[in-house]
Amino acid sequence: EAVEFNHDVTGIYPIWMVPATLDTEKEENIFVDLGVYGFSTIPTFAGRDKTLRLFEKFTLDHGGYQALYAETLMTHEEFCQMFSEYKEKYERVRKMIPFCEDAFPETYEKVSRQGREATKNK
């Protein structure tokens, strides 16, 4: 479904597809990291930012995850929704490691334009 979505929205090929599993206590799910790199030549291409938002919405709607090495345009609320099942563990580890909260920004602040802007304005 994601490959078809990419075809309709960008028409960019080749695409990067890397299967991955998450080590969870629930049943194992296989996720596919779908990387789209290049330039679209389709007339309906909405531009980089609007297209990224379309992919983020698709990912949220399908219970997927944004790769944390990539920039996101999600709001903080959307980001928290996407990673809600891991938030408690993430916060517990940040509190457990001495000086972590003072020394390192939260993940959202690192991968999000909005997060970086909010950090700059503090």
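One is the number of the first residue; the rest follow in order along the sequence.
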Response to the item:
dist Glu109:CD -> Phe79:CZ (nearest 0.5 Å) comes out at 10.0 Å

Discussion item. Hydrophobic cluster membership, with links at side-chain heavy-atom distances under 4.5 Å among I/L/V/M/F/W/Y: are Phe58 and Val32 in one?
Written reply: yes

Fill in: Distance-only polar pair, side chains of Tyr65 and Thr59, donor-acceptor under 3.5 Å
no

Fill in: SB check Arg113 Asp49 (cutoff 4.0 Å)
yes

Item to complete: Taking side-chain hydrogen bond (donor to acceptor under 3.5 Å, both in side chains) as the test, write out the residues that go with Ser40, two or more places apart.
Response: none

Item to complete: Indicate yes or no: does Lys95 engage Glu91 in a salt bridge with an N to O separation below 4.0 Å.
Response: no

Discussion item. Do Phe31 and Tyr86 land in one hydrophobic cluster if side-chain heavy atoms of ILVMFWY residues count as linked below 4.5 Å?
Written reply: yes

Item to complete: Salt-bridge test for Arg116 and Glu71: reply yes if a basic N is under 4.0 Å from a carboxylate O, no otherwise.
Response: yes

Worksheet item: Has His76 got more than 12 heavy atoms of other residues, nucleotides or ligands less than 6.0 Å from its NE2?
Response: yes

Item to complete: Taking salt bridge (charged side-chain N to carboxylate O under 4.0 Å, His left out) as the test, write out the residues that go with Lys57, two or more places apart.
Response: Asp61

Discussion item. Using a 6.0 Å cut-off, check whether atom CD1 of Ile97 has over 12 heavy atoms from anything other than its own residue.
Written reply: yes

Worksheet item: Within the distance-only criterion (no hydrogens, no angle test), does the side chain of Gln66 pair as donor or acceptor with the backbone N or O of Met74 below 3.5 angstrom?
Response: no

Discussion item. Are Leu73 and Met82 connected into the same hydrophobic cluster when the rule is that any two of I, L, V, M, F, W, Y join if their side-chain heavy atoms are below 4.5 Å apart?
Written reply: no

Worksheet item: Do Phe5 and Phe55 make the cut of ring centroids closer than 6.0 angstrom?
Response: yes

Response to the item:
One should read off an interatomic distance between Lys89 NZ and Met96 CE, to the nearest 0.5 angstrom, of 11.0 Å

Worksheet item: Less than 4.5 Å apart, any side-chain heavy atom of Met17 and any of Ile15?
Response: yes

Fill in: Phe99, CZ atom: more than 12 neighbouring heavy atoms under 6.0 Å
no

Fill in: Cluster overlap Ile42 with Leu54, hydrophobic side-chain contacts below 4.5 Å
no

Worksheet item: Are any of the side-chain nitrogens in Glu56 or Arg53 under 4.0 Å away from the carboxylate oxygens of its partner?
Response: yes

Fill in: Neighbour count above 12 (heavy atom, 6.0 Å) for Phe39 CZ
no

Practice prompt. With sequence neighbours excluded, tell me which residues meet salt bridge (charged side-chain N to carboxylate O under 4.0 Å, His left out) with Asp33.
Written response: none

Worksheet item: Do Tyr37 and Leu34 share a hydrophobic cluster, counting only Ile, Leu, Val, Met, Phe, Trp and Tyr and linking them when any side-chain heavy atoms are less than 4.5 Å apart?
Response: no

Discussion item. One thing to verify: whether Lys110 and Glu106 come together as a salt bridge, which I'm taking to mean a side-chain N less than 4.0 angstrom from a carboxylate O.
Written reply: no

Worksheet item: Is there a donor-acceptor contact under 3.5 Å linking the side chains of Gln114 and Thr75?
Response: no

Worksheet item: Taking all non-hydrogen atoms of both residues, which atom of Thr51 and which atom of Phe45 are closest, and how far apart?
Response: OG1-CE1, 3.3 Å

Worksheet entry | Check: Asn6 side chain, Ile12 main-chain N or O, donor-acceptor pair, under 3.5 Å | yes

Worksheet item: Can you tell me how far the OH atom of Tyr90 sits from the SG atom of Cys80, to the nearest 0.5 Å?
Response: 9.5 Å

